[in-house]
Amino acid sequence: MCQLLAMSSSKPAAVDFSFAGFALRGSEHRDGWGIALHTANGCQLYTDSLASTHSPLAAQLRSNPIKARNVIAHIRKATQGRVSLENSHPFTRTLWGQTWSFAHNGDLKLFDPNPSLYSPYGDTDSERAFCHLLSGLALRFESRPPRHLLFAALETLAGEIADYGIFNFILSNGELLFAHCSTDLHVVVREYPFSVAQLIDCDLSIDFSKHNHLDDRIAVIATQPLTSNEEWTRFAPGELKLFVNGLEVGATPVRRQEWELEICC
């Protein structure tokens, strides 16, 4: 099946190190790839129907990485839908005036909900699931709710869709990053004291202490661990996690002080 990669960071950061190893997994997952980068200027989406190992666009992004606070990347091994640009993840839509990006790993047998507020452009079960998620949220809330209510609604919707098969997914609006596991999803948090990390897929390592400050914190989520010498935590089946600024916050309501700090940023 497909492979997922995501990042939530306390500051704009480049995902070039993790992406270097991740992109090499396109030798097996050859049916397209894509990346959504949520920057201060909005969501920048890059997709390709070529394998990430043969894509000039992937090579360009590795050579000229873009810094972002939230990132979703995907390499595709098709189970449903033809190999085409419109079927390459991530997918994006606008909800409550914000751009949301989404990528899915899995296979949702017989999942074909009636069209609602959002409709797919391609013919994948993944995009149908994304449209169903956003439609469900839009029908529940006229404007973006507090994050603990949003978390609860997503948890319910994700559970309903997961009844149809494997539903590992990443969803972000550039501030919040949700990760849901059906089968395989792992996370590592890089923070002080930073150390050296070694990629599994190629002979490349990095000393993060030379590239980060004491207050930097980055959460990296992937289908399978990308490094051999870091402590990756595996999600439990059916688990939904929420990350903000590189920190897992779950369904915790926003404290007033935190809300004020966010407004002033």
Side-chain angles (χ1 to χ4, degrees), residues 1-8 14-39 43-62 65-66 68 70-93 99-108 120-131 133-134 158 161 165-174 177-187 201 219-226 235 241 243:
M1 282 185 281
C2 308
Q3 296 279 305
L4 297 169
L5 169 67
M7 180 191 76
S8 169
V15 73
D16 50 331
F17 173 72
S18 295
F19 184 72
F22 178 75
L24 289 175
R25 297 182 179 181
S27 59
E28 179 182 353
H29 304 76
R30 304 176 181 177
D31 300 324
W33 75 279
I35 188 168
L37 301 124
H38 290 270
T39 71
C43 180
Q44 300 183 38
L45 178 67
Y46 302 89
T47 57
D48 197 340
S49 58
L50 296 175
S52 57
T53 49
H54 294 85
S55 167
L57 180 58
Q60 179 183 345
L61 287 173
R62 287 196 298 271
I66 298 171
N70 287 272
V71 175
I72 298 178
H74 180 275
I75 50 178
R76 185 176 183 228
K77 187 173 183 179
T79 53
Q80 296 187 41
R82 64 195 184 281
V83 177
S84 62
L85 190 60
E86 61 267 31
N87 285 337
S88 296
H89 309 213
F91 307 106
T92 60
R93 294 290 193 282
T99 299
W100 291 76
S101 59
F102 171 91
H104 165 233
N105 166 344
D107 191 9
L108 300 169
Y121 301 130
D123 53 3
T124 64
D125 53 332
S126 304
E127 193 180 13
R128 289 195 297 272
F130 178 40
C131 290
L133 275 179
L134 292 193
I161 297 173
I166 298 174
F167 194 42
N168 305 297
F169 73 81
I170 311 289
L171 173 72
S172 181
N173 68 342
L177 189 142
F178 295 90
H180 178 266
C181 175
S182 281
T183 53
D184 284 315
L185 211 56
H186 298 75
V187 60
D201 299 274
V220 178
I221 301 102
T223 301
Q224 294 295 331
L226 294 165
F235 285 48
K241 290 181 181 287
F243 299 87

(message) Applying side-chain contact (heavy atoms from CB on, under 4.5 Å), can you list everything that pairs with Ile66, at least two apart in sequence or on another chain?
(response) Leu37, Thr39, Gln44, Tyr46, Leu61

(request) Only counting residues at least two apart or in another chain, list the ones meeting side chain to side chain donor-acceptor pair (under 3.5 Å) with Ser101. (result) His38

(message) Can you list everything that forms a ring pair (Phe, Tyr, Trp, His ring centres under 6.0 Å) with His104? Sequence neighbours excluded, please.
(response) Phe167

(message) According to ring pair (Phe, Tyr, Trp, His ring centres under 6.0 Å), who are the partners of Phe17, at least two apart in sequence or on a separate chain?
(response) Phe208

(message) Going by side chain to side chain donor-acceptor pair (under 3.5 Å), name the residues that satisfy it together with Gln60, two or more places apart in sequence or in a different chain.
(response) none

(message) Can you give me the closest heavy-atom contact between Ala20 and Arg62, atom names plus distance?
(response) CA-CD, 4.2 Å

(message) Going by side chain to side chain donor-acceptor pair (under 3.5 Å), name the residues that satisfy it together with Ser18, two or more places apart in sequence or in a different chain.
(response) Arg190

(request) Using salt bridge (Lys or Arg N to Asp or Glu O under 4.0 Å) as the criterion, list what pairs up with Asp48, not counting sequence neighbours. (result) none

(request) Decide yes or no for Leu133 and Trp100: does some side-chain heavy atom of the first lie under 4.5 Å from some side-chain heavy atom of the second? (result) no

(request) Tell me, please, which residues at least two apart from Arg82 pass salt bridge (Lys or Arg N to Asp or Glu O under 4.0 Å). (result) Glu86, Asp123

(request) Check ring pair (Phe, Tyr, Trp, His ring centres under 6.0 Å) between Phe130 and all other residues, then give those that pass, not counting sequence neighbours. (result) Phe102

(request) Just jot down the salt bridge (Lys or Arg N to Asp or Glu O under 4.0 Å) partners of Asp201, sequence neighbours excluded, or say none. (result) Arg25

